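Below is one structure, written out as structure tokens; comments come after it.
The shown structure was predicted, so the numbers you read here are calculated from the model rather than taken from an experiment. Throughout, residue positions are numbered sequentially from 1 according to the sequence presented.
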Amino acid sequence: MKKLLLFILVAIACGWLAATQCLHSDQRSPQQQFREAMNHVWFKTYADHDMGYSFYYPSFFHRDEEPSFGLGHVRFSYHLLTNLELECRVLPESAVRFERQDTVVEGYSDHSQHYRYTTHYLKKHRRWYVLSFRYPADYASAVGRINYFVKTWDVGEPPHYHFKDSITSR
């Protein structure tokens, strides 16, 4: 009986030792894990046919339904491991003053410099189309692919209006 008890204790000790030596937890930082995961992420396309724009967003983002959002305003976000927000708005021509009709602005969105943003302003069809991406500053290298899509974004074709009972020639 003593030999059996000794054998069980030795087996448990060996099992524990093997488990602690073989099963290491992931030692990478959350930013590094996120960066490597971004290499395998599918991007979806959001299209607002009424306002005539579309953009890509990561498939794991979720659309935020806000009652205050009006026509042409949409936001997708991710809030599990970190806080990421991708937002698009359509503004009247008079709302934004840039000399160039295609401008990308980057910077910090708070005084503590914990969050960064990339915003792309495009003036087309007598409107400003604004695509903004907000992310933690320490994730800057992890979200490079999303930033690329924001910086190279283009609105596309003007909105197509479908008229019921259109006028035809006789």
Side-chain angles (χ1 to χ4, degrees), residues 30-169:
Q31 295 86 347
Q32 184 64 27
Q33 291 175 27
F34 190 86
R35 180 180 182 179
E36 290 176 14
M38 282 299 298
N39 292 330
H40 307 288
V41 167
W42 287 91
F43 279 73
K44 293 182 177 181
T45 302
Y46 173 80
D48 185 329
H49 298 292
D50 293 329
M51 298 306 288
Y53 73 86
S54 64
F55 64 89
Y56 297 117
Y57 67 95
S59 58
F60 59 89
F61 276 39
H62 297 283
R63 185 173 176 178
D64 296 335
E65 298 291 339
E66 294 286 335
S68 63
F69 287 176
L71 187 64
H73 191 170
V74 66
R75 180 175 60 213
F76 290 87
S77 61
Y78 172 76
H79 297 292
L80 288 179
L81 299 175
T82 187
N83 292 317
L84 306 172
E85 293 180 348
L86 187 61
E87 185 171 4
C88 192
R89 297 169 295 169
V90 179
L91 303 172
E93 188 175 26
S94 61
V96 179
R97 299 282 184 217
F98 280 120
E99 288 184 24
R100 295 184 46 215
Q101 295 183 3
D102 184 349
T103 303
V104 175
V105 179
E106 296 180 277
Y108 289 97
S109 61
D110 58 357
H111 295 293
S112 63
Q113 298 187 347
H114 289 128
Y115 279 87
R116 292 189 56 83
Y117 68 88
T118 303
T119 302
H120 194 161
Y121 295 87
L122 282 168
K123 184 178 176 185
K124 289 192 176 183
H125 322 302
R126 301 174 70 189
R127 299 181 181 126
W128 281 100
Y129 295 84
V130 183
L131 182 62
S132 298
F133 178 49
R134 187 171 176 262
Y135 56 94
D138 57 348
Y139 274 73
S141 66
V143 296
R145 195 166 163 204
I146 302 171
N147 260 331
Y148 171 79
F149 283 127
V150 172
K151 290 176 183 178
T152 60
W153 175 58
D154 193 8
V155 170
E157 295 299 315
H160 298 285
Y161 299 103
H162 301 286
F163 294 104
K164 196 174 186 182
D165 303 325
S166 62
I167 300 173
T168 59
S169 61

To the nearest 0.5 Å, what is the distance between [atom1] on [X] and [atom2] on [Y]?
X	Y	atom1	atom2	answer
F133	S77	CZ	OG	11.0 Å
D154	Y129	CG	OH	11.0 Å
K124	D102	NZ	CG	7.5 Å
H73	D48	NE2	CG	11.5 Å
Q31	L81	CD	CG	10.0 Å
Y148	Y56	OH	OH	10.0 Å

Does a side-chain heavy-atom distance below 4.5 Å link [X] with [Y]?
X	Y	value
Y135	T82	no
S132	R89	yes
K151	E106	yes
M51	L71	yes
L86	V150	yes
R35	S141	yes
V130	L91	yes
V105	Y117	yes

Looking only at the side chains, is there a donor atom on one of D138 and H114 sitting less than 3.5 Å from an acceptor on the other?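 Judged by distance alone, the side chains do not pair up.
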Heavy-atom closest pair, residues [X] and [Y]:
X	Y	answer
W153	S54	NE1-O, 2.7 Å
S59	K44	CB-CE, 4.0 Å
P136	L84	CD-CD2, 3.7 Å
P30	Y139	CB-OH, 3.5 Å

Check the surroundings of atom CZ in F69: do more than 12 heavy atoms from other residues, nucleotides or ligands lie under 6.0 Å from it?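 Atom CZ in F69 is packed in, count exceeds 12.
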Exceeds 12 heavy-atom contacts within 6.0 angstrom, atom CZ of F61: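 Count over threshold, so yes.
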Please determine whether side-chain contact (heavy atoms from CB on, under 4.5 Å) holds for the pair L131 and L122, giving the CA-CA distance in whole Å, both sets of side-chain angles, and the decisive distance to 0.1 Å. CA-CA 9 Å; L131 182 62; L122 282 168; over 6 Å; no
Classify the ring geometry of Y53 against F55: parallel below 30°, tilted from 30° to 60°, perpendicular beyond 60°.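 The arrangement is parallel - the two ring planes meet at less than 30°.
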Is the side chain of W128 donor-acceptor paired with the backbone N or O of E93 at a distance under 3.5 Å, no angle test?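 The answer is yes, because a donor-acceptor pair under 3.5 Å joins these two groups.
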Under the salt bridge (charged side-chain N to carboxylate O under 4.0 Å, His left out) rule, what do E87 and R134 come out as? Steps first, then yes or no, please. CA-CA 9 Å; E87 185 171 4; R134 187 171 176 262; over 6 Å; no
Qualifying residue for ring-ring contact (aromatic ring centres under 6.0 Å, His included) with F76, from F60, Y46, F43: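 So, applying the ring-ring contact (aromatic ring centres under 6.0 Å, His included) to F76 and each of F60, Y46, F43, only Y46 qualifies.
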Is there a side-chain contact (heavy atoms from CB on, under 4.5 Å) between H79 and E85? Walk through the geometry before answering. CA-CA 9 Å; H79 297 292; E85 293 180 348; 3.8 Å; yes
